[in-house]
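Each chain gets a letter, A, B and so on, in the order its sequence line appears, and its residues count up from 1.
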Amino acid sequence: MKRNVKDLKIIFMGTPHIAMEILAFLIDSNLNITCVVTQPDRPFGRKKETIPSLVKNMALQNEIEVFQTEKIDHETIAFFKEKKPDLIILVAFGILLPNELLEIPTFGSINIHPSLLPKFRGPSPIQTALLKGESQTGISIMLMSKKMDAGPILAQKKIEVGKNENYQELEKHIIEISKDLLLDTMKQWITKKITPKTQDESKASFCEIISKRDGFIDWKQTSYQIFNQYRAFSKWPKIYSFWNDKKSKKKIIFNQIQVTSQTFPEKKPGEIFQIDNKVLIATNNGAIILKIITPEGKNEMKIQEFVNGKPHFIGSKFE
RNA sequence: CGCGGGGUGGAGCAGUCUGGCAGCUCGGCUGGCUCAUAACCAGCAGGUCGCGGGUUCAAAUCCCGCCCCCGCAA
């Protein structure tokens, strides 16, 4: 039986940025990554350029074999069996894996999930923690089972969430902590020093996949609800609202906002007004301060610059 | 050939339809007011109107070609 993590034949599975960071760490730790499995390259951007995923690039740079698939079929299973892996490590792969695949490696299949399971099972745990204004979240390392994010837990670590922390910042924090936690957990797991703990199903909660529409602002929310939405979706899709500029309706993305503790009872939600050189928008219980925006068809700009060109913005209203 | 918006002094915009003196807000500079100021007053500088060609007495504006930026879609 292998007792050193460096002897393990590992298959790494994952697709987005967070997966790429963990993969880079595993490579730097001199682990034996036999193969990297990631989702197919997708057309990206206005010109529909097909850009390889971050994980694929990382693997190719290190001369690691890449297998791309968007479904687990017989071909995929056969490929895995042929590789005879000792361990699968999966970070945000995006596809549910069947038992038949999970059971192939000697030491099973390990998943990093950025929440304190059984809380926030599903595809958007980081965003959901921010959106709900959690002051604490965490990382769970677990064995995968047939059901999404429901497998027994090998290790967990709590992380404090700053009041103003946004998605990128929290993700970075989580990645840093995940690295050592993952390596330690792997070492302990293969030397049988950990007993997996079954999750308490009665405490399970779920989060949904994020869609563009989740960035749409309902001005009838409280200032802090909107601010949490801003933090949660700061990487994508960003928060936005629609504004009638004379004839056409324009989407405006809010790149940087702040909350104010002042209240403005005479203002209705969505109303735009100016106080002390600050541009504010009324919410259900107060207002948020606009700093930087991207109007549809325009480049990112400071709010004051936008107001210079469109003074009628002040006094108008968001939908 | 995916759909749409845009490129005008340093920044943000109007002007283009209907061709005829380069305009607005902000910033910069100079002077004034003020105990003082990011406030106020007076003045000044700063532009190949994205690039190339065409039409015209005359083009930011009309016609043709190209480049770049952004939103949607995927």
Using the [atom1] atom as the point on both nucleotides, what is the distance between [M] and [N], in whole Å?
N      : M      : atom1 : result
B/rC33 : B/rG9  : P     : 36 Å
B/rA45 : B/rG28 : C1'   : 9 Å
B/rC51 : B/rU8  : P     : 10 Å
B/rC24 : B/rC70 : C1'   : 24 Å
B/rA60 : B/rG19 : P     : 14 Å
B/rA42 : B/rG53 : P     : 44 Å
B/rG5  : B/rA14 : P     : 14 Å
B/rG2  : B/rC13 : C1'   : 30 Å

Query raised in the report: Can you find a side chain N or O atom of A/K251 that sits less than 4.0 Å from OP1 or OP2 on B/rG5?
Result: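 No, A/K251 has no side-chain N/O under 4.0 Å of OP1/OP2 on B/rG5.
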Interatomic distance where [atom1] belongs to [X] and [atom2] belongs to [N] [whole Å]:
X      : N      : atom1 : atom2 : value
A/I293 : B/rC70 : CD1   : P     : 16 Å
A/I275 : B/rA38 : CD1   : P     : 23 Å
A/D245 : B/rG6  : CG    : P     : 10 Å
A/M301 : B/rU25 : CE    : P     : 19 Å
A/H312 : B/rG12 : NE2   : C1'   : 12 Å
A/N255 : B/rC70 : CG    : P     : 12 Å
A/I303 : B/rC13 : CD1   : C1'   : 14 Å
A/N277 : B/rA39 : CG    : P     : 8 Å

Nearest to the [X] side chain among [options], which nucleotide is it?
X      : options                : answer
A/K212 : B/rC69, B/rG5, B/rA73  : B/rA73
A/N299 : B/rG71, B/rC70, B/rG5  : B/rC70
A/N308 : B/rG12, B/rA14, B/rG6  : B/rG12
A/E305 : B/rG71, B/rG12, B/rC70 : B/rG12
A/K298 : B/rC69, B/rC72, B/rC13 : B/rC13

Query - N/O donor-acceptor pair under 3.5 Å between A/R121 side chain and A/S115 backbone - result: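 Flag not set: sc A/R121 to bb A/S115 has no pair under 3.5 Å.
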Query raised in the report: Does the side chain of A/K147 reach to within under 4.5 Å of the side chain of A/E201, using non-hydrogen atoms?
Result: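 The answer is yes, as the side chains (C-beta and beyond) meet within the 4.5 Å cut-off.
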Protein-nucleic acid N or O pairs under 3.5 Å, nucleotides 44-47 of chain B:
none

Query raised in the report: How are the rings of A/F242 and A/Y240 set relative to one another: parallel (under 30°), tilted (30 to 60°) or perpendicular (over 60°)?
Result: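 Rings of A/F242 and A/Y240: perpendicular, over 60°.
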Paired with [N] by Watson-Crick or G-U wobble geometry, both distances under 3.5 Å: which nucleotide is it?
N      : value
B/rC49 : none
B/rU37 : none
B/rG23 : B/rC13

Query - Within 6.0 angstrom of A/H74 NE2, more than 12 heavy atoms from elsewhere - result: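 Atom NE2 in A/H74 is not crowded, with 12 or fewer foreign heavy atoms closer than 6.0 Å.
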**Report entry** Pair A/F233 and A/F254, ring centroids less than 6.0 Å apart
**Finding:**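 Here the rings of A/F254 and A/F233 have centres that are no less than 6.0 Å from each other.
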Requested in this report: Could you tell me if the ring centre of A/F306 sits under 6.0 Å from that of A/F313?
Outcome: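 When the ring centroids of A/F306 and A/F313 are compared, they turn out to be within the sub-6.0 Å range.
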Query raised in the report: If you find the nucleotide of RNA chain B closest to A/G297 and the one closest to A/Q304, which residue's nucleotide is nearer the 5' end?
Result: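 On the 5' side of the pair lies A/G297.
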**Report entry** 5' priority, RNA chain B, between A/E300 and A/V307 [closest heavy atom]
**Finding:**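 First, find each residue's nearest nucleotide; the 5'-ward one identifies A/V307.
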Report task. State which residues pass ring-ring contact (aromatic ring centres under 6.0 Å, His included) with A/Y224; sequence neighbours excluded, sorted by chain then number. Result ->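 For A/Y224, no residue satisfies ring-ring contact (aromatic ring centres under 6.0 Å, His included) once neighbours in sequence are set aside.
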Query raised in the report: Could you go step by step and tell me if A/H17 and A/W236 meet the ring-ring contact (aromatic ring centres under 6.0 Å, His included) rule?
Result: CA-CA 13 Å; A/H17 175 251; A/W236 188 88; over 10 Å; no
Report task. For A/K250, report the nucleic acid contact type (base, sugar-phosphate, nothing); a contact means any heavy atom under 4.0 Å. Result ->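 Sugar-phosphate, backbone atoms only, no base.
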**Report entry** A/K179: side chain to side chain contact (heavy atoms under 4.5 Å, CB included) partners, not counting sequence neighbours
**Finding:**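 For A/K179, the residues satisfying side chain to side chain contact (heavy atoms under 4.5 Å, CB included) (neighbours in sequence not counted) are A/E21, A/I22, A/F25, A/I175, A/E176.
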